[in-house]
Amino acid sequence: MNLNDLSSLMERRRDRGRSFELFRTDPALANLRWPDDVLRDFLFDHGDHGPFVNDYGHLELSAITWTLETIPTADFHTMPTGESEAGLIEHFAQHSVHWVTVRPPEVGRHWEDHGTWLRPPLLIDRRLLNPANSGLQVLEGRTRVGVLRGRLREQLHVAPRHQAWVGRP
């Protein structure tokens with residue numbers, strides 16, 4: 001099953017204004033056994049976003065196992081995102097203070113107090129996209145990773161490690 005196979009579910013979510021709670025109980029998703037955070041960010045929020053579908057629509061969703069991992073800050077310095085939105089992380093990095101201030105106040109407080117994001121982003125093992133690739137790619141959370149890069153450049157408080165949901169084969 002891939003994103004394209006879920007197009008009718010995405011239409012029902014959009015057309016009927018389905019809540020996440022109802023969305024997550026759909027039988028089409030039962031076999032995935034993904035954490036709610038991943039279901040929400042990957043499928044509920046982005047499952048019908050054009051550039052996202054262009055980059056990840058072919059993935060065999062049931063072949064992905066998600067774990068919450070701790071990733072060193074240095075790994076995020078050059079981590080790419082999907083081809084359709086290349087350059088977006090850098091755009092967010094150039095205006096990192098702005099992207100924090102337009103979020104709820106607790107997001108900014110968390111960056112100041114902990115030097116990291118409030119909610120872990122989604123990263124994907126690039127071998128899932130192409131077996132010849134290696135490393136991780138930002139699947140969802142481009143703003144968060146951009147803010148991290150911007151804070152590093154601006155010499156603001158950044159933790160040495162960050163939690164992220166990582167999808168692996």
Side-chain angles (χ1 to χ4, degrees), residues 2-3 20 24 32-47 49 51-169:
N2 58 40
L3 276 179
F20 175 71
R24 67 186 284 280
L32 289 179
R33 296 187 178 106
W34 286 4
D36 280 351
D37 288 347
V38 176
L39 273 176
R40 181 182 307 105
D41 290 350
F42 190 145
L43 299 178
F44 186 74
D45 289 346
H46 292 88
H49 177 62
F52 192 82
V53 174
N54 288 342
D55 291 339
Y56 307 109
H58 67 284
L59 286 176
E60 178 55 44
L61 301 179
S62 61
I64 305 172
T65 300
W66 293 95
T67 56
L68 191 59
E69 299 182 17
T70 303
I71 309 292
T73 297
D75 289 4
F76 290 98
H77 290 192
T78 58
M79 192 179 294
T81 192
E83 288 181 29
S84 296
E85 297 189 317
L88 195 56
I89 292 173
E90 204 45 47
H91 168 76
F92 294 130
Q94 292 172 358
H95 308 284
S96 63
V97 172
H98 166 76
W99 292 109
V100 170
T101 60
V102 297
R103 300 291 190 261
E106 61 268 18
V107 170
R109 282 194 300 275
H110 201 81
W111 275 108
E112 292 303 316
D113 295 345
H114 303 285
T116 192
W117 35 70
L118 188 58
R119 290 183 46 242
L122 307 184
L123 310 179
I124 193 158
D125 186 318
R126 297 182 74 217
R127 292 175 299 168
L128 286 162
L129 304 169
N130 178 342
N133 286 345
S134 63
L136 297 174
Q137 177 167 312
V138 180
L139 180 80
E140 193 284 325
R142 294 169 302 274
T143 305
R144 285 167 269 181
V145 173
V147 166
L148 173 68
R149 289 183 190 175
R151 289 179 66 86
L152 282 167
R153 284 187 206 137
E154 296 161 15
Q155 300 181 351
L156 299 172
H157 175 52
V158 174
R161 303 177 77 71
H162 309 270
Q163 286 203 315
W165 285 104
V166 179
R168 299 191 186 274

Steps toward salt bridge (charged side-chain N to carboxylate O under 4.0 Å, His left out) verdict (D37, R119): CA-CA 9 Å; D37 288 347; R119 290 183 46 242; 5.5 Å; no

Salt bridge (charged side-chain N to carboxylate O under 4.0 Å, His left out) between R161 and E69, worked out: CA-CA 10 Å; R161 303 177 77 71; E69 299 182 17; over 6 Å; no

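With contacts defined as side-chain heavy-atom distances shorter than 4.5 Å, the pair R153/S96 does not qualify. Within the 4.5 Å cutoff, the side chain of V147 has no heavy atoms near those of the W117 side chain. When side chains are defined from C-beta on, L152 does not count as touching F76, because their heavy atoms never get closer than 4.5 Å. A heavy-atom distance below 4.5 Å is found between the side chains of L43 and L3. Within the 4.5 Å cutoff, no side-chain heavy atoms of V145 are placed close to those of T81. Counting heavy atoms from C-beta outward, E90 and R149 have side chains that approach closer than 4.5 Å. Residues T143 and R103 are in side-chain contact: their nearest non-hydrogen atoms beyond the backbone lie under 4.5 Å apart. For the pair I64 and V38, the minimum side-chain heavy-atom distance is 4.5 Å or more.
Within the model, atoms NE2 of H58 and CG of L128 stand 8.5 Å from one another, a figure rounded to the nearest 0.5 Å. A distance of 2.5 Å separates OG1 in T73 from NE2 in H162, rounded to the nearest 0.5 Å. Atom NE2 of residue H91 and atom CD1 of residue I89 lie 12.0 Å apart, to the nearest 0.5 angstrom. Taking CE of M79 as the reference point, atom CG of L123 lies at 5.0 Å (rounded to 0.5 Å). Rounded to the nearest 0.5 angstrom, R168 CZ and T65 OG1 are separated by 10.5 Å. The distance from the CG atom of L156 to the CG atom of L148 is 11.0 Å, given to the nearest 0.5 Å.
Side-chain contact annotation: E85 with H49, donor-acceptor N/O pair under 3.5 Å present. Counted by atom type alone, H110 and T116 present zero donor-acceptor pairs between their side chains at under 3.5 Å. Using modelled atom types, one finds a donor on one side chain and an acceptor on the other under 3.5 Å when comparing Y56 with Q137.
Taking a 6.0 Å sphere around CD of E106, one finds it holds more than 12 heavy atoms contributed by other residues, nucleotides or ligands. In Q94, the CD atom is crowded: over 12 heavy atoms of neighbouring residues, nucleotides or ligands sit closer than 6.0 Å.
Aromatic pair F42/W165: ring centres not closer than 6.0 Å.
In terms of heavy atoms, F52 sits closest to R142 at CD1-NH1, 4.5 Å. The nearest pair of heavy atoms linking W66 to P35 is CB-CD, 3.9 Å. In this structure, P120 and A164 approach most closely via the heavy-atom pair CB-CA, 3.8 Å. For the residue pair S84 and N54, the shortest heavy atom distance occurs at OG-CB, 3.5 Å.
Side chain of R40 to main chain of D45: no donor-acceptor pair is present (N/O by atom type, distance under 3.5 Å, no hydrogens or angles).
Taking the six-membered ring for Trp and thresholds of 30 and 60 degrees, W99 and F92 have ring planes more than 60 degrees apart, a perpendicular arrangement.
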